[in-house]
Amino acid sequence: MNLLIMGPPGSGKGTQSKLIVEKYGITHISTGDIFRQAIKDKTELGYLVQSYMDKGEYVPDDIVVEVLEDRLAEDDCKDGFLLDGYPRTIYQAVKLEQMLTQLGMHIDHVLKIDVEPYVLVKRRAGRRVCMSCGASYHLEFKPPKTKGACDACGHAIVQRADDTEETAFKRLDIYLKSTYPLVEYYDAKEKLRNIHGFGTIERVFFRINREMDKYDNN
Ligand code: AMP
């Protein structure tokens, strides 16, 4: 099963993605994670994407498409994957379809997490991430056991550079302009599954499962 998850920045799609890939045993592909790792590893890709990410802007399509093409060709994608954070533009969606056709694959469901803007602001402000292992936390909804430290590896948890209020609003604006058109694109293909994103992590995950259970996912 190949899935795609989309939602505005702060909608919790990263958190839900982790639960989904665990349940369905599929590979999690997050272009944001790939870029953050590249920045951490100080690779050429990292240098290329850092300024866009820090400003809350999209990385140019040609870079993202190339990264995804390489990732999809890896063996662990053959038995199913969840794409998180890609596509973000119609161009990327069209390219994805071309890549998958070549690989004899297709997307089964597009999960769209819907969240009210005021909830997004609240969630964004509390978001923290471990600089070392990438584990994510929320000061209110998913606090670490020890204040300021990662449960998994003990390193400091910090606010992502693109999680400040200014960049967060910019990201929301860009999402609405560039990414929201994908809703119509996937709706026309009858792949779109709308999920209410308010409430606890468990509640949203329950709704995702309920939606998936409506379809034969074998
Ligand atoms: P995310 O972790 O998905 O929120 O992505 C973090 C940042 O990485 C975004 O704000 C963009 O700067 C960049 N990024 C990730 N995926 C894409 C994509 N598909 N297209 C353009 N930029 C992306």
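Whatever order the structure lists ligands and atoms in, that order sets their numbers, starting from 1.
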- Message: Need the ligand 1 atom indices (1-based, order shown) with element for anything under 4.0 Å from a heavy-atom of Q92.
- Response: 18 (C), 19 (N), 20 (N), 21 (C)
- P144 to A149 - nearest heavy-atom pair and separation: CB-O, 3.1 Å
- Query: Do the non-hydrogen side-chain atoms of Y24 and N209 ever get within less than 4.5 Å of each other?
  - Reply: yes
- Task: Output yes when the distance from some N or O of ligand 1 to some N or O of T31 is under 3.5 Å, and no in every other case.
- Result: yes
- Message: I'd like to check whether R36 has a polar contact with ligand 1, where a contact means an N/O of the residue lying under 3.5 Å from an N/O of the ligand.
- Response: yes
- Select the closest option to atom 22 (N) of ligand 1 among V59, V65, V67, L83, judged by heavy-atom distance. V59
- Message: Any nitrogen or oxygen of V64 lying under 3.5 Å from a nitrogen or oxygen in ligand 1? Just yes or no.
- Response: no
- Item | N/O separation below 3.5 Å, D33 to ligand 1 | no
- Quick one: which ligand 1 atoms are inside 4.0 Å of a heavy atom on K13? 3 (O)
- Query: Among M53, M6, R88, whose heavy atom sits nearest atom 1 (P) of ligand 1?
  - Reply: R88
- Query: Looking at ligand 1, does any of its N/O atoms fall within less than 3.5 Å of an N/O of D84?
  - Reply: no
- Spatial distance of atom CG (L68) from atom NZ (K95) [nearest 0.5 Å]: 12.0 Å
- Task: Look at ligand 1 and say whether Q50 reaches it with a heavy atom at a distance under 4.0 Å.
- Result: no
- Item | Y86-ligand 1 polar pair, N/O distance under 3.5 Å | no
- Message: Would you say H28 and D84 are linked by a side-chain donor-acceptor pair, where the criterion is simply a distance under 3.5 Å?
- Response: yes
- Is the shortest N/O to N/O distance between R171 and ligand 1 below 3.5 Å? yes
- Task: Begin with the C-alpha distance, continue with both residues' side-chain angles, and end with the deciding distance and a verdict on side-chain hydrogen bond (donor to acceptor under 3.5 Å, both in side chains) for D33 and Q37.
- Result: CA-CA 6 Å; D33 282 352; Q37 188 63 44; over 6 Å; no
- Query: For F81, is the NZ or CZ atom of R71 found under 6.0 angstrom from the centre of its six-membered ring and inside 45 degrees of the ring axis?
  - Reply: no
- Message: Is it true that Y215 and R193 share a donor-acceptor pair across their side chains at a distance under 3.5 Å?
- Response: yes
- Message: Within the structure provided, determine whether L82 and T27 are in side-chain contact (heavy-atom separation under 4.5 Å).
- Response: no
- Message: Below the 3.5 angstrom mark, is there an N/O of F35, backbone or side chain, next to an N/O of ligand 1?
- Response: no
- Note on the structure: Under 4.0 Å from one or more heavy atoms of E57, ligand 1 contributes atoms 11 (C), 12 (O)
- Message: Within the 3.5 Å criterion, strictly below it, is a donor on Q92 or Y58 matched to an acceptor on the partner's side chain?
- Response: no
